[in-house]
**Student:** 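Dumping the structure here so I can ask a few things about it.
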There are 2 protein chains.
Amino acid sequence: MIRPVPSRRDAIADDLRHQISTGHFKAGERLPSEAQLATRYTVSTPTLRSALALLQGEGLVEKIHGNGNFVRRPLRRITYFGGLAEPTTSTAFPAQLRVTTRTTTIEAHSHLPALLNVPPRSPLTEVLHIAHEGKTPHSLARIYVPGDLTQTDPPPARPSPEQIAVRVADPRPPLAEVQERLSARLPTQEEAAALRITTSLAVLSLTRVTTDATGRVVEAALLVLPGDRADALFTTRLNTEERTPKA
Amino acid sequence: MIRPVPSRRDAIADDLRHQISTGHFKAGERLPSEAQLATRYTVSTPTLRSALALLQGEGLVEKIHGNGNFVRRPLRRITYFGGLAEPTTSTAFPAQLRVTTRTTTIEAHSHLPALLNVPPRSPLTEVLHIAHEGKTPHSLARIYVPGDLTQTDPPPARPSPEQIAVRVADPRPPLAEVQERLSARLPTQEEAAALRITTSLAVLSLTRVTTDATGRVVEAALLVLPGDRADALFTTRLNTEERTPKA
DNA sequence: GAGTGGTCTAGACCACGAG
DNA sequence: TCGTGGTCTAGACCACTCA
């Protein structure tokens with residue numbers, strides 16, 4: 001295959017990674033200062049910092065400005081269950097989840113009209129969720145509901161604690177379809193700040209659009225999950241009556 | 001929210017981004033050399049390079065060592081259709097896809113035994129796919145099939161051109177379940193080299209496990225898709241006969 | 001060989017956090 | 001205030017691409 005030239009940065013990152021995995025540096029511990037590490041490895045500070053940046057991108061190290069570099073505690077994995085696979089979401093979202101919610105009314109703009117299939121500038125209810133597990137941020141969600149739907153429902157439109165894996169309880173026109181689109185990217189600065197991650201740690205970005213039986217979009221949810229601890233799981237069981245392809 | 005301090009890096013990146021989006025720098029064009037850009041923005045080369053690194057991570061710019069920085073041509077989006085939603089995959093994978101395949105026989109190791117539910121060191125057929133669309137790499141797939149299954153099937157186990165969205169044609173024990181797990185991360189150096197992307201461009205990593213009616217794992221596929229042009233789409237339609245939760 | 005990006009240095013100065 | 005990380009400089013030297 002390809003033989004990447006071993007750079008000092010990679011060598012240092014490998015060494016630190018190894019020391020972390022063998023418990024030489026323990027979880028939660030503060031690493032020696034960058035100046036000390038630079039001396040130890042006989043490199044300049046920028047070089048050492050770029051090695052640390054690799055570990056940050058892997059979620060192994062958290063930098064705290066003015067304080068130090070810390071070995072991250074192993075984080076509980078987040079699993080987003082897609083589709084309708086899991087009626088019980090409680091296993092995935094232990095009760096310790098603390099969710100901050102902010103609801104506002106906005107006008108549909110940029111990509112939202114197309115997403116929700118509503119005219120531009122039509123009223124939408126925006127629900128912003130930030131979930132924390134203990135002290136560490138967990139996930140970020142923006143949920144949009146057409147304005148006229150929220151007038152019949154109570155304001156926040158959806159129960160909150162299970163904010164991500166929300167299932168609609170008792171919709172008036174029955175739901176017909178859930179479409180989930182996932183992509184991988186680096187977070188925006190705002191997202192990185194809210195999730196307390198680096199902008200160099202990838203996030204799983206998920207857009208979920210729920211449509212009711214009349215073909216109307218009932219809800220659009222934009223989720224951002226930190227890539228070092230989250231994944232999304234989709235389970236498809238084939239019906240016993242075989243689907244004929246090209247129906 | 002948060003007021004990120006405007007750094008020179010960000011300012012330069014914003015400016016270049018703007019010049020690219022307004023067509024001042026056109027697709028495929030080579031940017032001025034880093035030295036020239038550094039002079040123009042009156043910054044040092046490391047600073048300028050860190051600005052370019054941001055654009056690389058967004059897939060806007062491709063660096064070619066010894067040649068220059070190039071504005072990337074807008075790439076055709078890749079959509080991976082999850083589940084069994086799309087019987088016709090041809091729309092997603094135009095015929096221009098050229099797939100390189102390498103088939104080897106290996107012994108199950110590390111995470112593979114658990115994934116395929118086979119004993120460690122049992123024989124597996126590994127199929128490595130690299131898909132190209134024109135000259136640009138497109139996707140990377142490693143497919144594992146238990147060794148005793150490949151003896152009845154013809155060697156590559158699966159038709160190749162639609163390598164990613166392969167559907168099994170005529171399985172002896174009928175298939176029962178497809179489980180797809182997605183995560184976002186940065187690519188390994190090998191993956192980045194194969195896909196010709198930076199290690200700072202996030203990838204969508206997908207693990208698909210197919211099980212037949214006897215509960216046996218028939219195939220495990222590990223897919224890596226570049227985050228700047230790929231997403232995965234899952235569509236779940238509710239059966240007309242309503243599912244009762246907690247079945 | 002000329003020109004490009006890749007890596008690295010040895011500092012300087014600023015911004016933040018804790019005592 | 002002190003020690004930490006954050007940003008940046010001005011240049012050196014190497015590796016690669018192309019003619």
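First the proteins, then the strands, lettered A, B, ... as listed; each starts at 1. Predicted model, so just to flag it, every value in this text is computed and none were measured.
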**Student:** Write down the distance between CD (B:E34) and C1' (D:dC16), rounded to a whole number of angstrom.
**Tutor:**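 B:E34 atom CD is separated from D:dC16 atom C1' by 13 Å.
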**Student:** Take atom NZ of B:K63 and atom C1' of D:dA15, then tell me their distance rounded to the nearest Å.
**Tutor:**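 Interatomic distance, NZ of B:K63 to C1' of D:dA15: 14 Å.
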**Student:** Please enumerate all residues that pass salt bridge (Lys or Arg N to Asp or Glu O under 4.0 Å) together with A:D15, with sequence neighbours excluded.
**Tutor:**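 So A:D15 forms no salt bridge (Lys or Arg N to Asp or Glu O under 4.0 Å) with any residue.
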**Student:** Using whole Å, what does the distance between atom C1' of nucleotide D:dG5 and atom CG of A:N69 come to?
**Tutor:**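 Going from A:N69 (CG) to D:dG5 (C1'), I get 7 Å.
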**Student:** Can you measure A:H65 atom NE2 to D:dG5 atom P for me and round it to whole angstrom units?
**Tutor:**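 Value for this atom pair: 9 Å.
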**Student:** From the list D:dC8, D:dT4, C:dT7, which nucleotide is the closest neighbour of the side chain of A:S7?
**Tutor:**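 When the side chain of A:S7 is considered, C:dT7 is the closest of D:dC8, D:dT4, C:dT7.
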**Student:** Quick one: B:L31 CG to C:dG5 P, roughly how many Å, whole number?
**Tutor:**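 Atom-to-atom, B:L31 to C:dG5, this comes out as 9 Å.
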**Student:** Output the rounded distance in Å from CD1 (B:I64) to C1' (C:dG3).
**Tutor:**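 In whole Å, C:dG3 C1' lies 15 Å from B:I64 CD1.
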**Student:** Near DNA chain C, counting only heavy atoms under 4.0 Å, which residues of residues 36-62 of chain B show up?
**Tutor:**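 Close to the strand are B:P46, B:R49.
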**Student:** Can you name the one residue among B:L37, B:L31, B:L55 that meets side-chain contact (heavy atoms from CB on, under 4.5 Å) with B:N69?
**Tutor:**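 Checked B:L37, B:L31, B:L55 against B:N69; only one passes side-chain contact (heavy atoms from CB on, under 4.5 Å): B:L31.
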**Student:** Is there a side-chain polar atom (N or O) of A:N67 under 4.0 Å from OP1 or OP2 of D:dG3?
**Tutor:**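 A:N67 to D:dG3 OP1/OP2: no side-chain N or O under 4.0 Å.
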**Student:** Output yes when a side-chain donor or acceptor of B:R40 lies under 3.5 Å from a complementary backbone atom of B:A35, and no otherwise.
**Tutor:**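 Side chain of B:R40 to backbone of B:A35: no pair is present.
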**Student:** Does the side chain of A:E34 come under 3.5 Å of the side chain of A:T45 through a donor N or O and an acceptor N or O?
**Tutor:**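 A:T45 and A:E34 do not have a side-chain donor-acceptor pair below 3.5 Å.
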**Student:** Could you give the CZ-to-P distance, from A:R30 to D:dT4, as a whole number of Å?
**Tutor:**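 After rounding, the reported distance stands at 7 Å.
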**Student:** Please tabulate, for side-chain N and O atoms in residues 104-113 of chain B, each donor-acceptor pair with protein atoms closer than 3.5 Å (sequence neighbours left out).
**Tutor:**
residue	atom	partner	partner atom	Å
B:T104	OG1	B:E126	OE1	3.3
B:E107	OE1	B:R121	NH2	3.0
B:H109	ND1	B:E107	O	3.0

**Student:** For the residue pair A:F234 and A:Y80, does the interplanar ring angle fall in the parallel (under 30°), tilted (30 to 60°) or perpendicular (over 60°) class?
**Tutor:**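 Ring orientation of A:F234 relative to A:Y80: tilted.
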